[in-house]
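Read through the structure below, which is laid out as structure tokens, and then see the notes.
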There are 2 protein chains.
Amino acid sequence: MKTERISEFTTQRLSVYLRCLEALEEMGVERTSSKMLAERFNLNSAQIRKDLAYFGQFGVRGVGYIVKELKQQLSSILGLNAGHKVCVVGAGNLGAALTDYQGFLKSGFSLVAAFDSSPGKIGGRSRSGVVIYDIKDLREVVRREGIAMGIIAVPAEAAQQVCNQLLDAGIRAILNFAPVRLNGRPNTAIKSIDLSISLEGLSFFLSKQSPDSQNLEQEQKSDIPSSPTETR
Amino acid sequence: MKTERISEFTTQRLSVYLRCLEALEEMGVERTSSKMLAERFNLNSAQIRKDLAYFGQFGVRGVGYIVKELKQQLSSILGLNAGHKVCVVGAGNLGAALTDYQGFLKSGFSLVAAFDSSPGKIGGRSRSGVVIYDIKDLREVVRREGIAMGIIAVPAEAAQQVCNQLLDAGIRAILNFAPVRLNGRPNTAIKSIDLSISLEGLSFFLSKQSPDSQNLEQEQKSDIPSSPTETR
DNA sequence: TTCTGTGAATACCTTCACAGCG
DNA sequence: CGCTGTGAAGGTATTCACAGAA
């Protein structure tokens with residue numbers, strides 16, 4: 001195991017590998033190789049080996065990787081065994097959808113609480129039954145439930161304040177959907193997903209191809225590389 | 001203007017600059033500088049100048065940039081003036097939330113249609129009044145309405161098929177929320193936002209800091225860099 | 001002088017290519 | 001052999017540092 005800093009590109013891919021391994025396991029496949037994994041997504045096999053090598057030697061030379069073993073290793077590296085508890089702040093359209101998003105379950109997360117400031121929502125429940133608490137009780141509920149991660153789904157204007165409240169409550173990992181750059185603190189991770197910016201990237205792609213209003217030169221690339229998400 | 005390929009990191013940042021310029025304009029600020037912008041997010045000012053320089057010379061030496069002018073330039077570069085029409089496929093929790101997401105409006109997009117395959121939903125409307133069509137009518141509605149971009153919010157199993165249908169209907173820019181890697185085609189852009197993978201990245205961060213179950217060494221970094229999103 | 005625009009330097013990420021082990 | 005693990009090479013993105021225009 002290396003002591004190097006792990007790039008987020010790498011961890012992102014680890015998640016992808018893990019998902020693939022789960023699929024392979026369900027299909028009854030017991031062994032795999034970096035080459036096989038590389039073909040599934042179109043990645044370079046050396047990349048996969050290198051990503052894994054940051055964390056140890058999981059493979060068998062001449063053979064490959066044992067699906068079940070590697071799956072467990074990755075799961076543990078990503079901390080999914082911890083079964084982190086997650087809360088959502090903001091019970092609007094997006095917040096409600098995230099609160100009930102079933103995809104989180106597979107990764108071992110459990111969504112245990114939602115928060116809002118609107119009296120009409122406080123005390124209610126999401127469709128899937130998650131209680132919506134008063135944001136004022138954030139600290140208390142976080143402590144009581146042992147919540148480790150928070151998702152921000154409030155309007156941009158309120159996001160920084162909510163972020164501070166989450167941090168004050170002891171949460172050190174935040175996924176932010178509000179379209180603002182949040183200021184974090186040491187020892188915290190804030191990852192932002194900005195829906196408009198994502199769409200704008202696609203819009204740029206379209207403009208490049210058919211320069212309607214503008215005079216941008218033609219291009220016929222199908223492949224744009226990976227893209228970042230604001231983080232602190 | 002250069003003929004180089006523009007990195008998606010750059011376009012992502014252009015969106016961020018644009019949003020900042022809008023805020024500045026609302027505040028009545030008329031001029032700004034790469035330094036001022038760089039301080040807002042913590043970026044390097046040279047980066048900003050370089051990003052802008054790919055598209056032309058927008059600044060005035062010794063002075064900076066005219067907010068209004070630059071804003072319009074960026075808007076046009078990103079193709080936001082085109083007012084692209086967008087549809088959402090999948091009227092579940094997430095799809096419904098995206099259909100009604102008001103944040104898209106600011107960027108000049110208009111969400112004109114939703115699609116689903118469930119008889120219970122077809123013919124209905126989202127909360128904000130967007131009609132939910134039968135996915136079978138995708139091609140026709142896309143043509144009639146002049147839809148340029150599609151958002152996929154269906155379960156993983158259905159995503160590739162929906163993707164193909166969108167492409168067949170002539171849509172060349174897709175934002176995908178299903179947790180699968182989609183196969184695209186030449187001259188198309190597919191950008192994926194994977195909610196679970198994003199959370200897993202945060203989970204990894206937490207494990208690094210407090211190695212509960214695992215033996216990962218301690219670390220006290222507050223800053224993780226930017227992160228990618230699967231694209232094709 | 002100030003602040004842009006940009007070549008050069010650095011840092012980071014990916015791919016190549018091969019040694020080494022089962 | 002075959003496939004991993006990894007140093008070295010190649011690319012790409014970011015930052016530095018400064019020439020040059022207003």
Side-chain angles (χ1 to χ4, degrees), chain A residues 1-14 16-17 21 29-39 41-67 69-70 73-74 201 221 223-231, chain B residues 1-14 16-17 21 29-67 69-70 73-74 221 223-231:
Chain A
M1 157 138 42
K2 310 296 175 52
T3 58
E4 290 175 64
R5 281 202 14 67
I6 308 300
S7 130
E8 202 176 338
F9 290 97
T10 294
T11 64
Q12 206 94 205
R13 283 189 299 264
L14 291 184
V16 174
Y17 305 154
L21 289 167
V29 179
E30 291 186 350
R31 288 191 329 202
T32 186
S33 66
S34 60
K35 190 158 167 265
M36 189 198 280
L37 290 169
E39 277 162 8
F41 332 97
N42 41 350
L43 274 178
N44 181 296
S45 68
Q47 172 119 80
I48 295 177
R49 294 198 295 277
K50 207 149 236 185
D51 284 341
L52 298 175
Y54 285 124
F55 301 95
Q57 320 231 124
F58 303 128
V60 184
R61 293 186 188 212
V63 177
Y65 302 91
I66 310 299
V67 171
E69 242 169 55
L70 186 56
Q73 292 280 5
L74 290 184
K221 273 300 289 163
D223 239 328
I224 29 180
S226 301
S227 77
T229 301
E230 180 229 323
T231 321
Chain B
M1 158 136 46
K2 309 294 176 50
T3 59
E4 290 174 62
R5 287 213 353 77
I6 308 299
S7 132
E8 202 178 339
F9 290 97
T10 295
T11 64
Q12 206 92 207
R13 283 189 299 262
L14 291 184
V16 173
Y17 305 154
L21 290 167
V29 179
E30 291 186 350
R31 288 190 331 201
T32 185
S33 67
S34 60
K35 189 159 168 266
M36 189 199 280
L37 290 169
E39 277 162 8
R40 294 231 157 196
F41 332 97
N42 43 349
L43 274 178
N44 181 297
S45 68
Q47 172 119 81
I48 294 176
R49 295 197 295 277
K50 207 149 236 183
D51 284 341
L52 298 175
Y54 285 125
F55 301 95
Q57 320 232 125
F58 303 127
V60 184
R61 294 187 187 209
V63 176
Y65 303 91
I66 310 299
V67 170
E69 242 170 54
L70 186 56
Q73 292 280 5
L74 289 184
K221 274 300 288 164
D223 240 325
I224 29 179
S226 300
S227 77
T229 301
E230 180 227 323
T231 321

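Residue numbers begin at 1 in each chain, while the letters A, B, ... track the order of the sequences.
Closest to the side chain of Ser7(B), out of dA13(D), dG5(D), dC16(C), is dA13(D). For Arg13(B), whose side chain is taken as the heavy atoms from C-beta onward, the closest listed nucleotide among dC16(D), dT14(D), dT4(D) is dT14(D).
Ser45(A) comes within 4.0 angstrom of no nucleic acid atom, judged by non-hydrogen atoms across all strands. Backbone-only engagement by Ser34(B) is indicated by non-hydrogen atom pairs under 4.0 Å involving sugar-phosphate atoms exclusively.
We find that CZ of Arg31(B) is positioned 14 Å from P of dT2(C), with the value rounded to whole Å. Taking atom CE of residue Met36(A) and atom C1' of nucleotide dC3(D), one finds them 12 Å apart after rounding to whole Å. In this structure, Phe9(A) atom CZ and dT15(C) atom P are separated by 12 Å, rounded to whole Å. Rounded to whole Å, the distance from CD on Gln47(A) to P on dT6(D) is 16 Å. Counting to the nearest Å, the P atom of dT6(D) and the OH atom of Tyr54(A) are 11 Å from each other. Between the CG atom of Asn44(B) and the P atom of dA17(D) there is a distance of 11 Å, rounded to whole Å. Distance, Leu52(B) CG to dG5(C) P: 7 Å, rounded to whole Å. We find that CD1 of Ile48(A) is positioned 10 Å from P of dT15(C), with the value rounded to whole Å.
Contact check, Tyr65(A) against dG2(D): no side-chain N or O comes under 4.0 Å of OP1 or OP2.
Phe9(A) and Phe9(B) have perpendicular rings, their planes meeting at more than 60° on a 0 to 90° scale where under 30° would count as parallel.
Across every non-hydrogen atom of Leu14(A) and Phe55(A), the tightest pair is CD1-CE1, 3.4 Å.
Each of Arg49(A) and Lys35(B) lies near DNA chain C, and the nucleotide nearest Lys35(B) is the one positioned closer to the 5' end.
A search for side-chain contact (heavy atoms from CB on, under 4.5 Å) contacts involving Thr32(A) returns Leu21(A), Leu24(A), Met36(A), Leu37(A), Tyr65(A), Val67(A), not counting sequence neighbours. For Ser34(B), the side-chain hydrogen bond (donor to acceptor under 3.5 Å, both in side chains) criterion is met by Arg49(B), not counting sequence neighbours. Here Thr10(A) pairs with Asp51(A) under the side-chain hydrogen bond (donor to acceptor under 3.5 Å, both in side chains) rule; sequence neighbours left out.
Sorted by first and then second residue, the salt bridge (Lys or Arg N to Asp or Glu O under 4.0 Å) pairs involving residues 53-62 of chain B (not counting sequence neighbours) form an empty list.
The rotation axes computed at either terminus of the helix from dT1(C)-dA22(D) to dG22(C)-dC1(D) lie 0° apart, taking five pairs at each end and rounding to 10 degrees.
Between Leu70(B) and Ile66(B), the closest side-chain pair of non-hydrogen atoms is not below 4.5 Å. In this structure the side chain of Val63(A) reaches within 4.5 angstrom of the side chain of Arg31(A), judged on heavy atoms.
In the interface, the side chain of Lys50(B) is paired with the base of dT15(D) through a donor and an acceptor atom under 3.5 Å apart.
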For nucleotides 20-22 of chain C, which of its nitrogen or oxygen atoms have a protein nitrogen or oxygen under 3.5 Å away, and what is each distance?
| residue | atom | partner | partner atom | Å |
| --- | --- | --- | --- | --- |
| dG20(C) | N3 | Arg61(A) | NH1 | 3.3 |

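Here CG of Leu52(B) is found 10.0 Å from CZ of Arg13(B). Values are rounded to the nearest 0.5 Å. Here the CD1-OG1 distance, from Ile6(A) to Thr11(A), works out to 9.0 Å after rounding to the nearest 0.5 Å.
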